[in-house]
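Residue numbers run from 1 in the order of the sequence given.
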Amino acid sequence: MREQNLTCIGCPLGCSISVSLSDNGEVSEITGNTCKKGEEYARKEVTNPSRVVTSIVKINNGDVNMVSVKTAEDIPKGKIFDCMEALKKVTVTAPVQIGEVIIKNVCGTGVDVIATKKVNALT
């Protein structure tokens with residue numbers, strides 16, 4: 001049996017949560033959370049951590065040189081560096097709309113990378 005301590009990011013309270021894990025890695029007890037979001041966060045964080053990735057990519061023919069992007073959903077934490085490497089290789093051409101897919105199914109995660117800013121083309 002082992003214990004993992006976390007600070008919850010599910011709401012502004014930032015509860016200190018303790019998660020007890022059995023020898024086979026299953027969650028046996030969660031304490032310290034004051035809401036259901038805390039329990040859900042802690043369970044996911046110790047069994048399958050994931051994050052939303054935000055970054056920028058180069059843009060051609062735009063009124064700016066870069067466009068901000070993010071993953072449409074969280075991706076497995078272990079895929080973050082692969083995602084960033086994929087983003088380094090991307091250059092898009094303006095115009096770009098908010099929500100436009102920049103990379104479909106990034107690194108085989110099933111999650112798209114989308115633009116978070118509108119960029120106009122140079123005229």
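Considering every non-hydrogen atom in both Gly62 and Leu122, the closest pair reads O-CG, 3.5 Å. Considering all non-hydrogen atoms of both residues, Cys8 and Gly10 come closest at SG-N, 3.2 Å. Between Val19 and Val27 the shortest heavy-atom distance is CG1-CG1, 4.0 Å.
One hydrophobic cluster, built from ILVMFWY side chains closer than 4.5 Å, holds both Val46 and Ile9. Leu87 and Ile98 end up in different hydrophobic clusters when Ile, Leu, Val, Met, Phe, Trp and Tyr side chains are linked at under 4.5 Å. Note: the hydrophobic cluster containing Val92 also contains Val113 (ILVMFWY, side chain heavy atoms under 4.5 Å, direct or indirect links).
Taken to the nearest 0.5 Å, the CG atom of Leu13 stands 12.0 Å off from the OG1 atom of Thr7. Of the inter-residue distances, the one linking Glu45 atom CD with Ile17 atom CD1 reads 10.0 Å to the nearest 0.5 angstrom. In this structure, CE on Met1 lies 7.0 Å from OG on Ser22, to the nearest 0.5 angstrom. One finds the NZ atom of Lys58 at 10.5 Å from the NZ atom of Lys88 (value rounded to the nearest 0.5 Å). We find the OG1-CG distance between Thr93 and Asn60 to be 5.0 Å, quoted to the nearest 0.5 Å.
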**OP:** Let me see the working for Lys117 and Glu100 under salt bridge (charged side-chain N to carboxylate O under 4.0 Å, His left out), right down to the final yes or no.
**Re:** CA-CA 9 Å; Lys117 178 179 179 172; Glu100 184 175 325; over 6 Å; no

Enumerate donor-acceptor pairs with a distance under 3.5 Å from any side-chain N or O in residues 29-41 to protein atoms, sequence neighbours excluded.
from, atom 1, to, atom 2, distance (Å)
Asn33, ND2, Cys35, O, 3.0
Glu39, OE2, Arg43, NH2, 3.4

Could you list the donor-acceptor pairs under 3.5 angstrom formed by side chains in residues 102-111, with sequence neighbours left out?
from, atom 1, to, atom 2, distance (Å)
Asn105, OD1, Thr109, N, 3.2
Asn105, OD1, Gly110, N, 2.4
Thr109, OG1, Val106, O, 2.7
Thr109, OG1, Val111, N, 3.2

Result block: side-chain N/O donor-acceptor pairs under 3.5 angstrom for residues 65-74, not counting sequence neighbours:
from, atom 1, to, atom 2, distance (Å)
Ser68, OG, Thr116, OG1, 2.5
Thr71, OG1, Val53, N, 3.0
Thr71, OG1, Glu73, O, 2.8
Asp74, OD2, Lys44, NZ, 2.6
Asp74, OD2, Ser50, OG, 2.5

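A donor-acceptor contact shorter than 3.5 Å links the side chain of Asn24 to the backbone of Glu26. Judged by distance alone, with hydrogens and angles left aside, the side-chain atoms of Asp63 form no donor-acceptor pair with the main-chain N or O of Ala121 at under 3.5 Å. When atom types are taken as modelled, the side chain of Ser28 and the backbone of Ser20 share a donor-acceptor pair closer than 3.5 angstrom.
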